[in-house]
Amino acid sequence: MLVHIYDKIRKKDAKEKKRGECSLTICVDKLLYSREVLLKTAYSFTDKVYLHLSQNDTEWVVSWVPKEESDISPNEFENELISQQIRLH
């Protein structure tokens with residue numbers, strides 16, 4: 001599978017719980033997309049979401065929380081990965 005998607009509710013403190021913040025996590029296959037492509041893709045969404053990037057042995061792990069009145073869908077992120085991959089080559 002190209003991308004795995006996980007929704008999770010963040011319940012760290014009362015402030016976040018009150019605001020109802022949800023984070024979205026996507027796992028992206030390292031064999032398909034380079035670190036450079038991932039970083040360029042993530043950067044293109046920094047105006048809309050707060051991002052956290054990490055990795056495991058086989059995947060890049062991208063989590064985000066929307067900024068006020070702004071959000072992106074997993075599909076938008078996937079499309080931007082493809083766009084950045086094409087631009088790189």
In chain order, what residues pass the side chain to side chain contact (heavy atoms under 4.5 Å, CB included) check against [X], with sequence neighbours excluded?
X	value
S44	E80
K67	Y50
N56	T58, E59, V61

Does any pair with a residue in residues 41-56 pass salt bridge (charged side-chain N to carboxylate O under 4.0 Å, His left out), and if so which ones, sequence neighbours excluded?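 Residue pairs passing salt bridge (charged side-chain N to carboxylate O under 4.0 Å, His left out), neighbours aside: none found.
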Within residues 32-45 or reaching into it, pairs that qualify as salt bridge (charged side-chain N to carboxylate O under 4.0 Å, His left out) - sequence neighbours excluded: E36-K40
Determine, using the 4.5 Å side-chain heavy-atom cutoff (strictly less than), whether Y33 and I86 are members of one ILVMFWY cluster. yes
Nearest 0.5 Å please: distance from the [atom1] atom of [X] over to the [atom2] atom of [Y].
X	Y	atom1	atom2	result
Q84	L88	CD	CG	8.5 Å
L53	L39	CG	CG	6.5 Å
N79	I72	CG	CD1	11.0 Å
L24	S63	CG	OG	8.0 Å

Run the ring-ring contact (aromatic ring centres under 6.0 Å, His included) test against F77 and tell me which residues pass, sequence neighbours left out. F45, W64
Quick check: do [X] and [Y] have side-chain heavy atoms less than 4.5 Å from each other?
X	Y	result
L81	W60	no
L38	V62	yes
V37	S34	yes

If you take all heavy atoms of P66 and V49, which pair is closest and at what distance? CA-CG1, 3.8 Å
